[in-house]
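Encoded as C-alpha cells, the structure appears first; notes follow it.
Below, read A as the first sequence line, B as the second, and so on, with proteins coming before strands; counting in each chain starts at 1. Computed from a predicted structure; not experimentally measured. As a basis for the values below, the full set of heavy atoms in this structure was taken, side chains included, without hydrogen atoms, waters or symmetry mates.
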Amino acid sequence: MKEYNPHEIEPRLQGEWAKADLFHVPDNDDKPKKYILEMFPYPSGDIHMGHVRNYSIGDVLARYHRMRGFDVLHPMGWDAFGLPAENAAIKHHSHPAKWTYANIETQKSSFKRMGFSYDWDRTVVACDPEYYRWGQWIFEQFWKKGLVERRNSPVNWCPSCKTVLANEQVIEGRCWRCHSEVEKRDLTQWYFKITDYAQELLDDLDQLDGWPERVKQQQANWIGRSEGAEVDFVLCDADGNAPADPTDDDIITVFTTRADTLFGCSFFVLAPEYKGLDALVAGTAYEQPVKDLVEAAKKVTAVERAQGNHEKHGAFTGRYVMNPINGQKVPVWVADYVVADYGTGAVMAVPCGDQRDFEFARKYDLPIVPIILGEDDPLYDTLKDEQNRVVTSVDWDEAYAAEGRLVQSGPYTGMVGGKHSEGEAAVVAALEEMGRGRRKVEYRLRDWLISRQRYWGNPIPAIHCEHCGTVPVPEEDLPVMLPKDIDLAAGETLATHEEFINTTCPVCGRPAKRETDTMDTFTCSSWYYMRYTDPHNDQAPFDSAKVNSWMPVDQYIGGIEHAILHLLYSRFYTKALRDLGLVDFDEPFTNLLCQGMVKDSNGETMSKSKGNVIAPEDMIAEYGADAVRTYILFMAPPDKDLQWDEEGLAGIYKFLNRVWRQVYDLVGAAGEDTLYQPANKGKEKPADAAKTLLRERHRVVGKVGDDMERDNFNTAIAAIMELSNAAGTFLHVTSAEDRAANPEWAALARDAAETIVKLLAPMAPHWADELWNTVLGHEGFLYNESWPTFDPEKAKADEVELAVQVNGKVRARITVAADAAEDDVRAAALEAVAAHTEGKQVVKAIVIPGRLVNIVVK
RNA sequence: GGGAGCGUGGCGGAAUUGGCAGACGCAGCGGACUUAAAAUCCGCCAUCUUCGGAUAUGUGGGUUCGAGUCCCACCGCUCCUACCA
C-alpha cells in the first residue's frame, strides 16, 4: 500500500491537470451552464485564510456542477487598481504596477497550490490596458446616455487618502479603507447617476430569491425610499405679510413625511450649506452670527455626528416664512442638525413630534405646540376638540413620535395622524389644492461619486477645452493610457504630469488639457464578471451573445462587507448596460453566498498587529491543500464565522488518511497493510453490515447531493464520514478472503470505494484523483467523470424503529416493517406501552410514519 | 435612534414542512497493539439519579397530541446603519 502523501501527490497532479489543460472552458454549447464566481481579490500580498475559504467554496461548487454535467465557467482575476499599491510604491520608491503584478504572481501560485480549477486563460486583471480600455469605453457610453454628470457640490474628502469618496465608502464618518475621519469639501467631481435607477434597484430586490435576506434589507435601507410631500413656504416679513404673487425666490420648499403635523410647525430650519442662505442674511444684523454658525458646523466631523448625542447648534436668520396650511408666520433658523443633501436642505420643525426638533426647541426656547397626542395623554381630553392653537408649551421630556389624534389642527383636528395616515393624506390634498404642496418620493441613495484624485486607477477619458468645454476622448483613441514614468514618492501625480495633461481638443483641435482624475476602483469590479465571458475581445468589452449565454452568474460567493458597495454598483452597471442594449438580463447575480470570516481559536479577527494570523502556506506545508480545503468546509456552515482549530484540521487529515487506506481494503489491495482485522466481538453479522453499507451508499449519495445544492458542505462531509464508517464496520466483520469469495460483497465494496472517492472529489480533488488512478485503476481525472447516482428505494431501511410516546413522553420503542400499515403500527404501539395506559382512557393515537407514535390518554 | 441576525454538551456544530435533541467531528476517558511512546484500531462520552426514572436547546409565558423549530414579553451577544425630516 502506498502511504497518503499530499506533498507528493498534490504538486504532481496540479502539473498533470495543467498539462491536460483540464480547466479550459470553451464557449458553452447546448449543455446547461453554471457560472460559478468568487469575488476577485485585491492583490495586497499573499492570500489569507479568508481567501482560502471563499475560493474553496467556489471550487467545490464548480467541480460538483461539472461532475453533474453542466458547462461550468469558473474564472479568476484581480481587482488590481487601488491605493495600497500606490502607498507601497511611495514607500519602496517604486511603481504601483511592479508591486501589483508581483503580488498577482504570488497569489496565482498560491491558488494553483490550493488546486483551484480556474481557467487561467480567462484571467482579467483590472490594471491591464486591455481591460481598462473597455472600462473607459463603458464610461463614455454612460456619458452619451446621460448617466454621467460633472458638478460642484459638497463631497466627502479623506485627508489621509487625499481623495474624495463615494457616500457608500464613508462608514460612520470614516474612510472605508483607512478609517480616517472624513471631511466635507466643495469640489467639482464626476458622478454616475445611480439615483436614476433607485426605484428599479429597490423593486428588483424582490427577484433575488437566492440572496440572503439581510443583504437585500441592507440595500433597501441604503436606497432608503421615503414617501412624503413637498411643501412650499413663502418668505414673509416680521408682521407676517407675504407677497401675494410670490416668485421662486420667495419660496423655500421642504420635504416631509409628516404633513399631518404641519399645524405644529413652530420654526423652520435650513442646513448650514443651504444654497441661498447668504442672500437671506446679507447685510443684516444676523449675517455674522449665521456665518459663525456655518463655520462652526464645518468643524463638526461626521464621526462626532455619528455618535448620535452631538449637541445641536443654531442661529436665527432674522427671516420668517409663512406656513401655507394656517397662514402663520414662522421664524427661519439655520442649524447644524439639518443635512444639506437630503430633501431640499430645509425642514419644517415640529418639536412636539420630532425628537431633534424637540431638543432644538428646548435649547433655544422655541414654542412646542402639541398637535398630535395619544388618547391616554393627560392633555388629550382638554384638547381633543380644540381646533385653534391654545397650548404652545408642554412639560414633556421627549417628543411624541407615535401615531395619535390630531389636535389644535384646524379642520384636521380629531383625525388620525402618523406616517401614511388619514391626516397626512388630507393635509397633502389641501396643499395640492392650494398649489403649495405635492406628493414626493425621496431616496437616501446619492449619486455615485466616481472620480478619484489618485494615480493608480482607470483614467477618466475626458478632455477639457476652453472653447468646447469638457468632451470625451474619441473611442478610437482609447484607452487613455496611464503614463508609466511617474515618481509618486517625489510627489508626482497625474495633475503634475505635463506630458499626460497636455493634448489637443478632439472637437476643435486647439490645445486642451486632459482630465487628471481616475475612476473609483469599484468601477472595475462592476463589470469584470461580464468580461470573463469574452476576455480577449479587442473590438468590444464583450460579445453580447457570449455574455448573454453565460450570464447571469448562477452562484456568486464573497464577503458580506460588499453587501452595499460592490453589489449595488454591479446591479447598477448591469441595468445601465441593459438599457444600452449590450446585455439582456436585469440582474447580475442570481444566487449570492456571503461567507463568514475566519477567526482565530479565540474568535478574534486575524490581523498582523495581533500576531494571530494563520498562514495558508504553513497549513498546506503541514497537512496539504486537500485537508485544508476539506477542513474549512467542514468546520462551520459557509455563511457563519469559523474559529480556526488546528486539531480539527489534523482530524480531517486523519480522516483523509483513514479513507485512503479504506479504499485499498475495499478493493482488496491492502494485503498485509489492512487496518481491518475481523473483530466480531459484539459486532453486527456480516450480512447485516453488507446490507447497511448498501443502504448507506445510496442514502448518502442522495444526502450529499441535497446538501451541495443547499451549500451545506459541512453536513455533506459529515454524511460522507457516515458512509465511511459503515464501510469500516463492513470491513471489520468480514475478512478479505470472505469478500473476495463473495462476488456480491466484492462488487459492493468496490462500489462503496468509488462512491466515497467521487463524493469527496470536489473537496479533496488531488486525493481523489490519485486514488481513482492508482488504486481504483481508472484513466483520466474525476473532473471529467460523472457524479454517482443513487436509488431511493435502496436507501430505505426495510425495518424502522419508532418511538412510542404517551402524552408526548417516550415510553417504549418498537421495530416495525417500513411499509407496515398504520393500524398495525398503532396496535403494536398500544401493546408496547400497555403498562402506561392501564386504567386510563386512550383519546387518540397519532402515527407519524417512520418517526413515532404518540398516544394521548386521559 | 433605525434595521438584521444569533443564543443547543467541555468545544465546533447537527436536527430539510413542528415529530425520538445532541448526527458528524474535536477534546477527554478506558481498552487493544508496542519494550515504550507516537500512529493506528475498538469502546465510552448532556446533567442528576434511590437505576423506576427525572431534568435539559438564554429566561418567563402561550399555541399544539407534540415546540430547539411557531407566537408574545424579557435578558444577553453580534453585525449593519444613522441628525434622512
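- With sequence neighbours excluded, the residues satisfying ring pair (Phe, Tyr, Trp, His ring centres under 6.0 Å) with A:Trp644 are A:Tyr631.
- Residues passing the side-chain contact (heavy atoms from CB on, under 4.5 Å) test with A:Glu230 are A:Thr253, A:Thr344, A:Arg438, A:Lys440, sequence neighbours excluded.
- Ring geometry, A:Trp333 versus A:Phe360: the interplanar angle exceeds 60°, so the pair is classed perpendicular (tilted spans 30 to 60°).
- At B:A85, none of the side-chain N or O atoms of A:Tyr337 fall inside 4.0 Å of OP1 or OP2 (strictly under the cut-off).
- The glycosidic torsion of B:G52 lies within 90° of 0, placing the base in the syn range.
- Checked against salt bridge (Lys or Arg N to Asp or Glu O under 4.0 Å), A:Glu799 has no partners two or more places apart in sequence or in another chain.
- Residue-level contact check: A:Val856 touches the backbone only, with heavy atoms under 4.0 Å from sugar-phosphate atoms and none from bases.
- A salt bridge links A:Glu722 with A:Arg699: at least one charged nitrogen is closer than 4.0 Å to a carboxylate oxygen.
- Classification of A:Asp707 and A:Lys703 as a salt-bridged pair holds, one side-chain N sitting under 4.0 Å from a carboxylate O.
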With 3.5 Å as the limit, what N/O pairs link the protein to nucleotides 45-48 of chain B?
none

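- For A:Phe634, there are no ring pair (Phe, Tyr, Trp, His ring centres under 6.0 Å) partners at least two apart in sequence or on another chain.
- Every side-chain contact (heavy atoms from CB on, under 4.5 Å) that A:Ala315 has, sequence neighbours left out, goes to A:Val290, A:Leu293, A:Val334.
- For the pair A:Arg444 and B:G2, the criterion of a side-chain N or O lying under 4.0 Å from OP1 or OP2 is not met.
- In RNA chain B, stems built from 3 or more consecutive Watson-Crick or G-U wobble pairs, each with both distances under 3.5 Å, span B:1-7 with B:75-81, B:10-12 with B:24-26, B:28-32 with B:40-44, B:46-48 with B:53-55, B:58-62 with B:70-74.
- Residues satisfying the side-chain contact (heavy atoms from CB on, under 4.5 Å) test with A:Asn167, not counting sequence neighbours, are A:Asn156, A:Trp222, A:Arg446.
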With the sugar-phosphate defined as primed atoms, P, OP1 and OP2, and the base as all remaining atoms, what B/S/- string results for nucleotides 66-71 of chain B, 5' to 3', for protein heavy atoms under 4.0 Å?
-> S-----
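- Nucleic acid contact class of A:Gln355 (heavy atoms, under 4.0 Å, all strands): none.
- The side chain of A:His732 contributes an N or O atom lying less than 4.0 Å from OP1 or OP2 of B:C42.
- Within the 4.0 angstrom heavy-atom criterion, no nucleotide atom of any strand lies near A:Ile717.
- Between A:Glu359 and A:Arg362 there is no salt bridge, since no side-chain nitrogen of the basic residue lies less than 4.0 Å from a carboxylate oxygen of the acidic one.
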Summarise how protein sits on nucleotides 3-16 of chain B as a single string, 5' to 3': B when a protein heavy atom is under 4.0 Å from the base, S for sugar-phosphate-only contact, - for no contact.
-> SS-------SSS-B
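- Sorted by residue number, the members of residues 653-666 of chain A with any non-hydrogen atom under 4.0 Å from RNA chain B read A:Lys654, A:Arg658.
- Using a 4.0 Å heavy-atom criterion, one finds that A:Arg811 contacts the sugar-phosphate atoms exclusively.
- Judged as a side-chain contact (heavy atoms from CB on, under 4.5 Å), and not counting sequence neighbours, the contacts of A:Lys363 are A:Glu311, A:His313.
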